[in-house]
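Structure record follows, encoded as structure tokens.
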Amino acid sequence: MDFYQFAEYIVLNYGYFGIFLIAFTEAVIQPILPDIFIIGASAFGLDSVTCALVASFGSLTGGYTGYFLGKKLGTNVFLKIFKEKYFIKGKAFFEKFGVWGVAIAGFTPIPYKVFAWLAGIFKMNLISFGAGTLLGRIPRFLLVAYFGYSLGLLFGLHTP
């Protein structure tokens with residue numbers, strides 16, 4: 001099954017819940033970015049803003065799950081899952097940017113899940129963590145959803 005068929009299958013069979021689930025699990029542990037599903041969903045006609053908001057909420061709740069896993073399981077488990085280089089780089093990034101580091105990780109291809117776990121390990125304020133997550137994720141997912149919507153228009157997958 002190629003990407004087009006897979007994205008279409010996820011969107012047609014799971015819709016917004018599929019987007020939520022992918023965003024949630026990506027924020028905790030799995031490596032597949034929700035971006036491709038948001039693009040596919042928007043391209044196939046699901047509402048772009050709703051896709052972005054559902055993915056943002058899924059990522060936030062997954063991020064909080066990662067936060068609590070980091071807080072409860074600590075550095076040793078983190079090192080087994082993510083490796084020492086991510087801990088060292090993440091710690092330096094946190095020390096330099098704080099909550100803005102979470103926002104940057106949420107907006108860029110920097111592995112957000114690493115920052116979710118580290119926020120728990122370093123006991124970042126929960127409200128600050130959530131704000132940083134939403135500051136990064138909402139704009140990113142809105143851009144991605146709009147891109148998908150534009151592709152859908154370009155290829156005639158839906159009408160304006």
Side-chain angles (χ1 to χ4, degrees), residues 1-71 73 78 81-83 86 89-90 93-94 97 99-120 124 126-160:
M1 184 180 291
D2 66 13
F3 168 72
Y4 177 87
Q5 291 172 323
F6 185 67
E8 185 176 35
Y9 174 82
I10 291 295
V11 171
L12 293 177
N13 290 289
Y14 299 101
Y16 297 117
F17 179 72
I19 293 168
F20 175 89
L21 191 59
I22 293 294
F24 176 88
T25 57
E26 185 273 335
V28 178
I29 193 77
Q30 65 91 359
I32 300 171
L33 295 174
D35 302 51
I36 57 174
F37 295 93
I38 298 167
I39 290 169
S42 297
F44 294 123
L46 290 183
D47 181 68
S48 300
V49 173
T50 303
C51 287
L53 293 177
V54 166
S56 297
F57 182 68
S59 189
L60 176 65
T61 56
Y64 276 132
T65 301
Y67 177 99
F68 287 111
L69 287 171
K71 187 173 181 177
L73 301 177
F78 177 92
I81 296 171
F82 296 111
K83 308 297 180 229
Y86 288 116
K89 288 179 180 182
F93 202 75
F94 255 106
F97 297 107
V99 68
W100 292 107
V102 175
I104 292 166
F107 188 77
T108 66
I110 294 172
Y112 169 76
K113 69 186 111 316
V114 169
F115 282 86
W117 279 67
L118 289 175
M124 177 180 255
L126 279 172
I127 293 172
S128 297
F129 173 73
T133 295
L134 294 176
L135 280 171
R137 289 307 210 185
I138 290 174
R140 173 186 174 157
F141 292 152
L142 282 170
L143 287 170
V144 167
Y146 182 71
F147 176 70
Y149 173 79
S150 299
L151 285 178
L153 287 176
L154 181 67
F155 292 106
L157 299 173
H158 62 86
T159 56

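Just so we're clear, the structure is a prediction, and the values are computed from it rather than from any experiment. Counting from 1, the numbers follow the sequence of the chain as shown.
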Interatomic spacing from [atom1] in [X] to [atom2] in [Y] - rounded to 0.5 Å:
X    : Y    : atom1 : atom2 : value
I29  : L69  : CD1   : CG    : 8.5 Å
I38  : I22  : CD1   : CD1   : 10.5 Å
S42  : L151 : OG    : CG    : 9.5 Å
L21  : Q30  : CG    : CD    : 8.5 Å
L143 : I138 : CG    : CD1   : 12.0 Å
F155 : F44  : CZ    : CZ    : 11.0 Å

Would you say that [X] contacts [Y] through its side chain, given a criterion of any heavy-atom pair below 4.5 Å between the two side chains?
X    : Y    : answer
L118 : M124 : no
V114 : K89  : no
Y16  : C51  : yes
Y112 : V28  : no
F93  : I110 : yes
I39  : F147 : yes
F115 : F129 : no
V144 : F37  : no

What's the shortest heavy-atom distance between [X] and [Y], and which atoms?
X    : Y    : answer
L60  : G130 : CD1-CA, 3.7 Å
A145 : A52  : CB-CB, 4.3 Å
S128 : V99  : O-CG2, 2.9 Å
E26  : L33  : OE2-CD2, 3.7 Å
A55  : I19  : CB-CG2, 3.7 Å
S59  : F141 : CB-CE1, 4.1 Å

Could you tell me whether I127 atom CD1 has more than 12 heavy atoms of other residues or ligands within 6.0 Å of it?
-> no
Y146 atom OH, over 12 foreign heavy atoms within 6.0 Å = no
Under 3.5 Å, is there a donor-acceptor pair linking the side chains of Y64 and T133?
-> no
Taking the six-membered ring of F107 as reference, does the NZ or CZ atom of R137 fall below 6.0 Å from its centre and within a 45° cone about the axis?
-> no
When T50 is tested against each of D47, L53, L46 for side chain to side chain contact (heavy atoms under 4.5 Å, CB included), which residue passes?
-> D47
Let me see the working for Y86 and F78 under ring pair (Phe, Tyr, Trp, His ring centres under 6.0 Å), right down to the final yes or no.
-> CA-CA 9 Å; Y86 288 116; F78 177 92; 7.8 Å; no
Derivation and outcome, side-chain contact (heavy atoms from CB on, under 4.5 Å), residues L73 and W117 = CA-CA 9 Å; L73 301 177; W117 279 67; 4.1 Å; yes
